[in-house]
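One structure is given here, and the rest of the page talks about it.
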Amino acid sequence: MQKVFNFNAGPAMLPEAVLLKAQEDMLNWRHTGMSMMEIGHRTDVFQQLVQQIEQNLRELMGVPTHYHVLFLAGGATLQFSMVPINLFTSQKKADYMETGLWSSKAIKEASKFGNVNIVAQAKKEDDLWTIPAPTEWQLSHDADYFHYTPNETITGLAFNHVPILKNIPLVADMTSMILSEPVNVNDFGLIYASAQKNLGQAGITLVIIREDLVKLPLSITPTLLEYATHVTAQSLYNTPPTYSWYILGLVLDWMKEMGGVTAIHSKNCRNAERLYDALDRSQGFYRSSIHPAYRSKMNVSFDLPNDDLLKLFLHESHASGLCCLKGHRAAGGVRASIYNAMPEEGVEKLVLFMDYFMQRFG
Ligand code: PMP
């Protein structure tokens, strides 16, 4: 079978070492004589696993001790609701940046629970998408929190800095960039990310929350939607997605072996540079609609001169083992998602293909 590089936006490519380890463990995990999938979540062996995973995550991200690390279900989408439900005070007021579809969805949910002030929206300048500079933001200054999406997965529009706010907890949906670059957790009140891009398999969601933000929300709040429930139960209030948790653990082991976030970040930068360089030297054959200052290092989107060439590009790339390059249904075009697991070899092969395609049709 030919080697395939999977550029899907999520569920996305996993490191081969992770898949091989999962295969090795499949029938007999940690000498139990059982598959990991069959192990109870209250057993000692599972408890040891979750402790190790939390420790590795804290180490890789540098999570300080006054933050809780939670592993929840419901995807990042459930966090769109859990954040306002838990973080709103009696004034129910939050600031949101609107930079794409995912932040719009977060805004829609938060608006059900309180007042959302849209601080700024992504805008086009000279036909390229940009994020307004902080000097243009309409902050409310007394918001319960400020929410933003550092990387909009669909278009590949990314912040190039962490917003600096005084005394307002910063909440970030890091779903499509978690662990891809170093971050200072102390800058944030709450971070969330679903797993199916950089953390492993779909089904589990990471939440990192500063301890003073774990409050008791309204008494009608369902138990499972309170962060306090999961803090007290150490993410084991009910049956968790055990296998997704296990795969997340293997991904973290792999990241440590690769040299941690700094080493992975260098590799990610090289991959992104190589791809954007291919776009820039194509003299408009491959067109990105993102301003160079806000280009994502995780999702590189671009278009071709017409629909026929786009179809041919997608067809031929797939046949060459470069899979799942079709853009999101809301955006069209091509999108190459190059998360942590994408080796340099995959991007090199894509760039060679792009050059060859352009030679023939450019
Ligand atoms: N936020 C971002 C930035 C995403 O990319 C996605 C999924 N692509 C989501 C939220 C929603 O995640 P989930 O499907 O896990 O709920």
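None of these values were measured; they are calculated from a predicted model.
- For the salt bridge (Lys or Arg N to Asp or Glu O under 4.0 Å) test, residues two or more places apart in sequence or in another chain that qualify with Lys93 are Asp142.
- In this structure, a donor-acceptor pair under 3.5 Å is absent between the side chains of Asn340 and Ser180.
- Under the ring-ring contact (aromatic ring centres under 6.0 Å, His included) criterion, His230 pairs with no residue, sequence neighbours left out.
- By the side-chain hydrogen bond (donor to acceptor under 3.5 Å, both in side chains) test, Tyr286 is found to be paired with no residue, residues two or more places apart in sequence or in another chain being considered.
- Residues forming a side-chain hydrogen bond (donor to acceptor under 3.5 Å, both in side chains) with Lys108 (at least two apart in sequence, or on another chain): none.
- More than 12 heavy atoms of other shown residues, nucleotides or ligands fall within 6.0 angstrom of atom NE2 in His66.
- Here Tyr192 pairs with His147 under the ring-ring contact (aromatic ring centres under 6.0 Å, His included) rule; sequence neighbours left out.
- Using a 3.5 Å distance cut-off with no hydrogens or angles, the side chains of Glu98 and Ser103 do not pair a donor with an acceptor.
- Using a 4.0 Å cut-off between charged side-chain N and carboxylate O, Arg281 and Asp277 make a salt bridge.
- For Phe80, there are no ring-ring contact (aromatic ring centres under 6.0 Å, His included) partners two or more places apart in sequence or in a different chain.
- The ring-ring contact (aromatic ring centres under 6.0 Å, His included) check on Trp129 picks up nothing, with sequence neighbours excluded.
- Partners of Asn186 by side-chain hydrogen bond (donor to acceptor under 3.5 Å, both in side chains), not counting sequence neighbours: none found.
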Please list every donor-acceptor pair under 3.5 Å in which a side-chain atom of residues 296-304 meets a protein atom from a residue at least two apart or in another chain.
{"from": "Ser296", "atom 1": "OG", "to": "Asn151", "atom 2": "OD1", "distance (Å)": "2.6"}
{"from": "Ser296", "atom 1": "OG", "to": "Met298", "atom 2": "N", "distance (Å)": "2.9"}
{"from": "Ser296", "atom 1": "OG", "to": "Asn299", "atom 2": "N", "distance (Å)": "2.9"}
{"from": "Asn299", "atom 1": "OD1", "to": "Asn151", "atom 2": "ND2", "distance (Å)": "2.7"}
{"from": "Asn299", "atom 1": "ND2", "to": "Ser337", "atom 2": "OG", "distance (Å)": "3.0"}
{"from": "Asn299", "atom 1": "ND2", "to": "Tyr339", "atom 2": "OH", "distance (Å)": "3.0"}
{"from": "Ser301", "atom 1": "OG", "to": "Thr155", "atom 2": "O", "distance (Å)": "2.5"}

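- Scanning all heavy atoms of the two residues, the minimum distance from Ser140 to Asn117 falls at N-ND2, 3.7 Å.
- Across Leu275 and Ala336, no two heavy atoms sit closer than the pair CD1-CB, 4.0 Å.
- Partner of Tyr96 under the ring pair (Phe, Tyr, Trp, His ring centres under 6.0 Å) criterion, out of Phe146, Trp102, Trp137, Tyr145: Tyr145 alone.
- Side-chain contact check for Asn56 and Gln52: at least one donor-acceptor pair (N or O, by modelled atom type) lies under 3.5 Å.
- Residues passing the side-chain hydrogen bond (donor to acceptor under 3.5 Å, both in side chains) test with Lys21, sequence neighbours excluded: Asp25.
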Please table the atom pairs, donor to acceptor, closer than 3.5 Å between any side-chain atom in residues 216-226 and protein atoms at least two apart or in another chain.
{"from": "Thr221", "atom 1": "OG1", "to": "Leu218", "atom 2": "O", "distance (Å)": "2.7"}

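- Sorted by first and then second residue, the pairs that involve residues 74-89 and meet side-chain hydrogen bond (donor to acceptor under 3.5 Å, both in side chains), not counting sequence neighbours, are Gln79-Tyr227, Ser81-Glu109, Thr89-Asp144.
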